[in-house]
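We use all heavy atoms of the structure for the numbers below, so side chains are in, but hydrogens, waters and symmetry mates are not. Fair warning: this is a prediction, and the values are worked out from it, not measured in the lab.
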Amino acid sequence: MASIRQDCETRLQGMKEIRQDYEPDWKEIARFCQPARSRFLNSETNRSRRLRNSKLFDEYAITSYRTLANGMTSGLSSPSRPWFKLATYDEALMDEPDVRFWLSEVERRMGAFFASTNFYGAAKTGYHELGLFGTEACVMVEHRTLGMVCHALTAGEYWVSMSDAMVNDTLYRRTPMNVRQAVQSFGKAVRKDIMSRYDRSDYEAIVNVFHAMEPDPDYRQGNPFSKPYRSVYWDEDDGKEAVLRLSGYHDQPFYAPRWDTTGSDTYGTSPAMEGLATIRELQVQVKRRNEAIDHLVKPEKVAKAGMRLTGQPGNIVSAADVDKDVVMVPYQIPYQAPQIIGQEIERCYRQIDSTSYADLFMAITNMQGIQPRNIEEIAARNEEKLTQLGPTIERVNNEKLAIAIDRVFGIQLRGGMLPPVPDAMNETELKVEFVSILTQMQRMVGLGQIERTASFVGNLAGAFPDAADKLNTDEMIDEYADRAGTPPKLIRTAEQVAQIRQQRAQQQNQAKMAEMMPAVQQGADAARLLSETDVNGQPMLDTLLGGA
């Protein structure tokens with residue numbers, strides 16, 4: 001029977017083969033768009049080494065994808081505004097004061113927990129990875145003092161695998177450590193030669209450590225010593241079957257979302273992959289423009305034998321028997337060449353902005369003229385592009401942010417950092433609703449249809465009053481508020497609305513009765529007068545009634 005380490009190494013080998021198809025594009029994208037971080041420009045086993053990037057002539061793609069990362073960060077998971085809220089699937093429970101207070105307090109504490117960790121920095125790095133390589137990965141590890149530490153990974157240092165639900169539920173990573181880090185992490189489980197280095201204070205030698213996180217095949221629900229996810233560390237250079245540490249997680253300890261997928265592909269496709277041809281062309285065009293300028297400023301010359309030209313402006317070269325044919329420029333670059341090449345470079349800039357969505361996130365800066373610059377106008381101007389971003393936003397919400405929320409909720413719940421659960425919510429499942437600005441702008445795309453329907457019915461009801469009966473205004477208001485991201489506390493519940501309408505009806509009835517009181521009083525006075533008037537010994541009222 002194979003050991004746990006043998007199982008992990010066998011699976012890792014298969015995961016490496018799957019990733020090989022993506023690596024050529026990743027390496028080229030890394031060279032032109034992310035040279036400072038990618039493991040493809042560094043040694044995979046030594047983080048301190050850097051390779052010289054001599055093929056980068058223009059950094060425009062770097063800034064464009066930085067804009068994409070910043071826009072995704074502020075639009076989907078900004079630390080300065082709420083981007084998620086908790087609710088129950090049972091809408092009736094949402095009207096319970098204890099439930100609403102508990103959910104609000106949990107949201108507040110979770111938001112404070114996120115802000116106290118390095119989650120937002122790791123999330124921004126991940127959006128950068130997502131736009132460049134199509135897949136990002138981040139490991140969320142519990143910490144005894146900080147609560148949680150996020151390790152943002154970059155392409156080239158991890159491998160992922162999918163479950164039958166077509167989402168990544170397995171992550172293997174290469175995590176090189178120096179001798180001191182290895183001993184601090186694993187103690188005496190390290191190799192003897194590593195411990196010897198540690199005793200000699202030789203701390204900076206590299207230990208090639210692998211880390212596997214995957215669903216535990218031996219997990220047994222209800223067993224307090226069994227956890228859904230297992231964690232396996234091992235030393236690549238240790239020929240034994242031993243592992244450095246075997247442990248587990250209560251929640252999925254990582255997320256690995258993808259920008260877009262094709263079929264059942266494990267890794268995603270990215271905007272940078274789609275724009276790689278233009279990114280590559282930009283480097284060529286900039287190199288040609290620089291060469292053209294060099295030829296104009298310092299053209300190639302043919303000189304008489306023995307004549308040495310310095311090539312420096314202003315220098316005077318002395319030579320005997322100088323005439324006009326002694327120095328000749330065999331080919332003169334047209335002066336228009338740099339300008340023509342510059343136009344091609346500008347075209348590459350526009351295409352890179354388009355494929356990276358930088359033009360979308362710079363919509364305010366790039367607006368022409370002077371107009372009101374608000375969210376509604378930007379959403380209207382970029383509705384088509386926002387629709388194109390829709391699938392990516394949904395995928396990020398489901399494959400990244402929802403997993404991070406589950407992880408933090410589990411850490412806080414086990415750590416006693418959340419308030420007691422109300423009795424009404426026992427065994428109640430929670431749902432996460434995303435209220436980030438990009439999610440709301442996506443939902444606001446449908447507001448126009450609601451407004452046009454309301455306007456049409458309102459105009460039609462002016463000529464045909466019965467037409468208003470067709471419109472369910474309560475549901476329309478709820479749907480409009482939900483799409484617009486209106487805080488729920490601003491919209492009354494159905495029970496509150498029914499109570500208000502009942503009170504209004506009672507007030508209207510009382511007003512009508514008050515209007516009728518003078519007539520009733522006059523009738524009573526007339527009846528009393530007739531009853532007191534004597535006609536032939538009988539009251540006039542009785543005489544009139546008898547006559548009737």
Side-chain angles (χ1 to χ4, degrees), residues 81-82 85-108 374-376 419 421-426 428 430-431 433 435 440 443-533 539-542 544-545 548:
R81 66 173 68 91
K85 63 180 181 179
L86 302 178
T88 63
Y89 288 96
D90 186 353
E91 295 184 0
L93 279 178
M94 294 299 295
D95 294 334
E96 296 288 337
D98 291 344
V99 173
R100 299 184 71 171
F101 172 81
W102 185 83
L103 292 174
S104 177
E105 180 64 14
V106 171
E107 291 171 12
R108 186 190 68 80
N374 50 45
I375 293 177
E376 290 77 10
V421 181
D423 294 337
M425 292 188 62
N426 285 335
T428 299
L430 298 180
K431 67 176 179 179
E433 298 178 354
V435 294
Q440 291 304 320
R443 297 177 65 84
M444 286 174 63
V445 171
L447 293 182
Q449 290 88 337
I450 297 176
E451 293 174 350
R452 287 192 292 270
T453 300
S455 178
F456 171 76
V457 174
N459 294 333
L460 190 62
F464 305 98
D466 293 344
D469 299 336
K470 184 68 175 176
L471 195 62
N472 188 338
T473 55
D474 288 353
E475 290 294 333
M476 176 175 284
I477 293 173
D478 288 341
E479 181 67 19
Y480 194 96
D482 182 57
R483 285 182 174 273
T486 304
K489 61 183 180 182
L490 300 184
I491 304 298
R492 293 190 175 96
T493 64
E495 290 76 10
Q496 292 174 328
V497 173
Q499 185 178 2
I500 292 174
R501 289 173 178 171
Q502 183 179 4
Q503 293 175 354
R504 185 185 299 119
Q506 292 176 353
Q507 293 173 356
Q508 291 174 348
N509 291 334
Q510 292 174 359
K512 290 181 180 179
M513 292 180 64
E515 292 176 358
M516 295 173 59
M517 286 303 296
V520 173
Q521 184 64 37
Q522 291 176 2
D525 292 342
R528 179 177 57 77
L529 180 60
L530 291 175
S531 65
E532 294 176 353
T533 303
M540 182 178 289
L541 181 60
D542 293 343
L544 293 174
L545 293 175

Which pairs count as salt bridge (charged side-chain N to carboxylate O under 4.0 Å, His left out) when at least one residue sits in residues 460-471, sequence neighbours excluded?
-> none
Can you name the residues that form a side-chain contact (heavy atoms from CB on, under 4.5 Å) with Pro465, not counting sequence neighbours?
-> none
Please tell me if the side chains of Thr428 and Asp90 come closer than 4.5 Å, counting only heavy atoms from C-beta onward.
-> no
Glu107 versus Leu86, closest heavy-atom pair with distance | OE2-N, 2.7 Å
Heavy atoms of Tyr89 and Leu430 approach each other most closely as CE1-O, 3.7 Å
Give a yes or no on whether a salt bridge exists between Glu433 and Lys85, defined as a side-chain N under 4.0 angstrom from a carboxylate O.
-> yes
Is the closest side-chain heavy-atom distance between Leu103 and Met94 below 4.5 Å?
-> yes
Exercise: identify the closest heavy-atom pair between Val457 and Ala468 = CG1-CA, 4.2 Å
Mind checking what makes side-chain contact (heavy atoms from CB on, under 4.5 Å) contact with Asn472, not counting sequence neighbours?
-> Asp474, Glu475
Heavy-atom closest contact (Pro419 atom, Trp102 atom, distance) | O-NE1, 3.0 Å
Minimum heavy-atom distance between Ala424 and Val99, given as atom pair plus value = CB-CG2, 4.3 Å
Could you grab the distance from atom OG1 of Thr88 to atom CE of Met425, nearest 0.5 Å is fine?
-> 6.5 Å
